[in-house]
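Structure first, commentary second.
Residues take their numbers from the sequence shown, with the count starting at 1.
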Amino acid sequence: MTSHKNDGPKLPVQQLAILAIARFAEPLALTSVFPYLPEMIASFGVEKNEVARWAGLTGAIFSISQSCTAVAWGRASDKFGRKPIILIGLLSTMICFLVWGMSTSLPMAITARAIMGSGNGNVGIIRTMVAEMVPERVLQPKAFSLMPLVWSIGSVFGPAFGGFFAQPAKQFPDVFGNIEFFKTYPFALPNIMACCVFFISFMTGLLFLKETLESKRNKRDWGLELGEKLTRPFHRSKRTKNLRRRSFVDSEASAPLLAQSAMSSSSSHLESKHSDPVSMKDIFAPQTSINLICYTFLALHSVAYDQVLPVFLNYPRVIPDEHNTSLPFKFTGGFGLSSDKIGTIYTVYGISCGVIQFFLFPKLCAKFGVLGIYRFATVVFPIIYFLTPYTVLVQDTTARYIFFLTIMLVKGFVVIVAFPCTTILLTNSATSLRILGTLNGVATTFSGLGRAAGPAAAGAVFSWGVQRGYMIAAWWFLGLIALMGTIPPWFIIEGDGPTASSTATSTSTSDGEEESLLQRDDDDDSSVDGYDEVAVLEALEGEESESETEPGKERKKRTTNGSYGTMNNGTAS
């Protein structure tokens, strides 16, 4: 292989984009639930004061199920590869969202959410793939901020789907009023639209996503081969003109130049290395444990806030008087908004988060460091939660919305920088690349427990508070949890990353194999069954010249890198 055209490491843009498409479907579908969830729960016959409790439990059952299976999915990705597990998660979630959208009772909705959570471990696995694609610390802030950015973009479209397309027969009677299906299943349309995106994500991953697990990179991928065949007509114009036309000899030239026994031996070595059991001591190292605690706290209070907020916005307005208000603690009432207006608010929120993520996060990390930014974010969270309920006390409509949106945008800023920061810190605390899949599965389990306990507890406290006239109850409950969450970050020591400890174990993998993962995304269109045509032709010509040499002269051996079919001429590429 030739040397790099530009100095310094490069992001694997194409593969990260494919991962982003797979990641995009989930926030699109998940956030589409927020605007109409209170109305959906109420349509099951639940009383108004109990809506928050059951909305929290409905959200919690998803996270509980996900946390119960996250480690199993992480271990499965370590054994069978990242790609197949991601595809299974996408397909499972797509089917479950259809069932969720057609739920006609609370037990049916809760069951659909439970199965949906247990069948998807993609959050941790996608994070593992990003870590394996981008081991360079200088590129990590940009790479790890990509998935939260995708989440922000999905959060723009998701609430729009949920807010504007829930109950279509009621909102758009001229278009959907005569369709009996949407009268029977008023919340099905936003889920059907989201499932179309899931299908696109599934097919994109199947056809174009490359495996990053080291022991599985050399395995034949039928999906990639089909994707290459489908896109081959669009790449022919890019092929080098001096390549000769393929003939019967090309099938032999495209075969691996290493002996099959050597390739299988190398593959077996990699598989045995990755099949070694991961001990609890490896996973729960001191710094890793602290980062897991931080990640759990963050997931607990931030997700609970997002779950309770639509109930707060949907709750009827109450005019303060001497009977229902005794400041500073006793007051009640919400914003009295419908699902379409809540969807609009979440759309503005998502757009703002996307702008923050794209323009500010990398610069802030470069200036203040990942750990510094994360510590700052944890201090801001409690302030936001304590102030949120007081927005309803502002009687002027314009001033009330300005006050509320300001708080919401600040919350969007800190949450959009906190999650990628804690992801980077957790990844860099890992003892080796070998445990990343399992570690991220454990992280998903812990965060799932937080995302389950948070909404369930906050929903119950919200219902308790409004029954007694204390709207602050749920928000101050979350504020106290966030205040506790400010302590562990001060014990974090930023690590060097898992690549440092795995260097000695990766010497059997050539430099060209790493380059092929990080930078060879564009080279597939100039290959024959995965092998570079120019290199194959040179190899054949070299073999012909060797056969003509005088006896006794030593022949030069040529080897091939098995990662993506790139070839070396006796030296590292």
Does Ser118 reach the main-chain N or O of Thr69 with its side chain, forming a donor-acceptor pair under 3.5 Å? no
Evaluate whether atom NZ of Lys183 has more than 12 neighbouring non-hydrogen atoms of other residues, nucleotides or ligands under 6.0 angstrom away. yes
Show your reasoning for whether side chain to side chain contact (heavy atoms under 4.5 Å, CB included) applies to Arg217 and Leu213. CA-CA 6 Å; Arg217 290 180 199 168; Leu213 183 64; over 6 Å; no
Compute the centroid of each ring, for Tyr385 and then for Tyr305, and state whether the two points are separated by less than 6.0 Å. yes
Is the closest basic N to carboxylate O distance between Glu211 and Lys219 below 4.0 Å? no
Taking the six-membered ring where the residue is Trp, are the ring centres of Tyr185 and Phe181 under 6.0 Å apart? yes
Please work out whether the ring planes of Phe335 and Phe404 are parallel, tilted or perpendicular, with thresholds of 30° and 60°. tilted
Over 60° means perpendicular and under 30° means parallel, so classify the ring planes of Phe284 and Phe446, tilted if in between. tilted
Honestly, is Arg75 close enough over Trp73, meaning NZ or CZ under 6.0 Å from the six-membered ring centre and within 45° of the axis? no
Side-chain donor-acceptor contacts of residues 105-117 below 3.5 Å, not counting sequence neighbours, with atom names and distances?
residue : atom : partner : partner atom : Å
Ser105  : OG   : Met108  : N            : 3.4
Thr111  : OG1  : Pro107  : O            : 2.8

Do Met129 and Ile86 have side-chain heavy atoms sitting under 4.5 Å apart? yes
Please check if any side-chain donor atom of Asn120 sits under 3.5 Å from a side-chain acceptor atom of Thr93, or the reverse. yes
Would you tabulate the side-chain donor-acceptor contacts of residues 160-169 under 3.5 Å, counting partners in other chains and residues two or more places apart, or write 'none'?
residue : atom : partner : partner atom : Å
Gln167  : NE2  : Glu39   : OE1          : 2.6

Any ion pair linking Lys216 and Asp221 (charged N to carboxylate O, less than 4.0 Å)? no
For this output row, return yes or no: ring centroids of Tyr470 and Trp476 closer than 6.0 angstrom. no
Do you see a donor-acceptor pair shorter than 3.5 Å between the side chains of Thr212 and Glu132? yes
Going through the distances and angles, do Glu47 and Val51 end up as a side chain to side chain contact (heavy atoms under 4.5 Å, CB included)? CA-CA 6 Å; Glu47 294 183 4; Val51 167; over 6 Å; no
